[in-house]
Colleague: 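Just passing along the structure, written as structure tokens.
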Amino acid sequence: MWNRQQVKEQAKQIMKRNYWKMFVVTLIASTLTGEKTTIIERIQDFTSNNLSYDSQPIFYSSNFELIFYSFISVASILGILYTIFIGNVIVVGNNGYFIKNHDENPELGEIFSGFKGNYLNVVKIMFLMDLKTLLWLFLFVSTHLMTPFNK
């Protein structure tokens, strides 16, 4: 069993050996997986904040509103598909890089290793993991909404 000092020293050695490479891998992986929905969320926040009951709405034409919300829907679906088929695979490669980094010096291309060989298996397993997480989240929220508040 390791104690805290041993784990800390080992982490320091790994960080000294590959700090900038680890930084670049994290930057690439977070860029390719982390910023895909924030633009959509910002647009939805903007429209919800500007549509009030007291003032004139931002949209004057119902056709423009229909086109805008259709675009948001299509962009959301594309974001979900991107996460399933590309983002999750990059997350697996990123995790694999850091596991290999413990004992050896892996290449930067290791973050794309999920696309080689067993791509469909990676997609399937990550999709099932995300689905189970979502279903457990729904169960958690529904049980909190169903139980009365204790005073």
Side-chain angles (χ1 to χ4, degrees), residues 1-8 10-12 14-15 18 21-55 57-59 62-104 106 108-151:
M1 186 83 175
W2 296 325
N3 63 21
R4 186 185 61 80
Q5 264 97 17
Q6 290 172 332
V7 172
K8 188 174 179 179
Q10 191 175 23
K12 283 182 182 179
I14 292 170
M15 290 293 284
N18 284 341
K21 202 173 188 182
M22 291 166 47
F23 176 79
V24 169
V25 166
T26 303
L27 182 66
I28 291 170
S30 65
T31 302
L32 293 176
T33 61
E35 294 295 324
K36 60 195 162 298
T37 59
T38 56
I39 295 171
I40 296 168
E41 290 171 357
R42 287 181 187 156
I43 292 172
Q44 289 172 341
D45 288 342
F46 174 76
T47 57
S48 65
N49 289 338
N50 286 319
L51 289 175
S52 66
Y53 296 107
D54 298 336
S55 63
I58 186 175
F59 302 110
S62 63
N63 290 336
F64 179 75
E65 187 175 346
L66 178 66
I67 291 169
F68 183 76
Y69 286 120
S70 298
F71 172 75
I72 295 296
S73 299
V74 169
S76 297
I77 291 170
L78 289 176
I80 291 169
L81 291 174
Y82 179 86
T83 299
I84 292 171
F85 291 106
I86 296 173
N88 284 343
V89 179
I90 292 172
V91 168
V92 169
N94 186 39
N95 293 341
Y97 173 85
F98 282 102
I99 290 171
K100 286 184 179 180
N101 190 42
H102 182 68
D103 296 322
E104 57 190 68
L108 287 175
E110 185 67 31
I111 61 173
F112 301 109
S113 64
F115 292 104
K116 300 173 189 166
N118 56 358
Y119 169 74
L120 291 177
N121 191 34
V122 171
V123 169
K124 179 181 77 172
I125 296 299
M126 291 299 288
F127 175 75
L128 291 174
M129 184 187 75
D130 288 343
L131 181 64
K132 286 182 180 180
T133 303
L134 182 68
L135 293 175
W136 279 107
L137 175 69
F138 287 157
L139 180 64
F140 176 73
V141 169
S142 67
T143 56
H144 274 279
L145 292 176
M146 298 291 185
T147 57
F149 293 100
N150 294 331
K151 292 185 180 184

Colleague: Could you tell me which non-hydrogen atom of Ser113 sits nearest to which non-hydrogen atom of Gly93, and how far apart they are?
Modeller: OG-CA, 4.0 Å

Colleague: For the atom pair CG (Asp103) and CG (Asn101), what is the distance rounded to the nearest 0.5 Å?
Modeller: 9.0 Å

Colleague: Supply the atom-to-atom distance Thr133 OG1 to Leu128 CG, rounded to the nearest 0.5 angstrom.
Modeller: 10.5 Å

Colleague: Between atom CD1 of Ile67 and atom OG of Ser70, what is the distance when rounded to the nearest 0.5 Å?
Modeller: 7.5 Å

Colleague: Which distance, rounded to the nearest 0.5 Å, do you find between the CZ of Phe85 and the CD1 of Ile90?
Modeller: 14.0 Å

Colleague: Identify the heavy atoms of Glu110 and Gly96 that sit nearest to each other, and give their distance.
Modeller: CG-C, 4.4 Å

Colleague: Of all the heavy-atom pairs spanning Met1 and Gln6, show the shortest one and how long it is.
Modeller: O-OE1, 4.0 Å

Colleague: Do Phe127 and Asn88 make a side-chain contact, defined as non-hydrogen atoms from C-beta onward lying under 4.5 Å apart?
Modeller: no

Colleague: Output the distance between atom CD1 (Ile86) and atom CG (Leu81), rounded to the nearest 0.5 Å.
Modeller: 9.5 Å

Colleague: Taking all non-hydrogen atoms of both residues into account, name the closest pair between Leu27 and Thr31 and its distance.
Modeller: O-OG1, 2.7 Å

Colleague: Distance from Leu137 atom CG to Asp130 atom CG, nearest 0.5 Å?
Modeller: 12.0 Å

Colleague: Would the distance check show the side chain of Gln10 and the main-chain N or O of Val7 forming a donor-acceptor pair, the cut-off being under 3.5 Å?
Modeller: no

Colleague: Looking only at heavy atoms, which two atoms of Tyr82 and Leu32 are closest? And how far apart?
Modeller: OH-O, 2.6 Å

Colleague: Passes side chain to side chain contact (heavy atoms under 4.5 Å, CB included), Val89 versus Met126? Steps please.
Modeller: CA-CA 8 Å; Val89 179; Met126 291 299 288; over 6 Å; no

Colleague: Under 4.5 Å between any side-chain heavy atoms of Phe98 and Ile14, yes or no?
Modeller: no

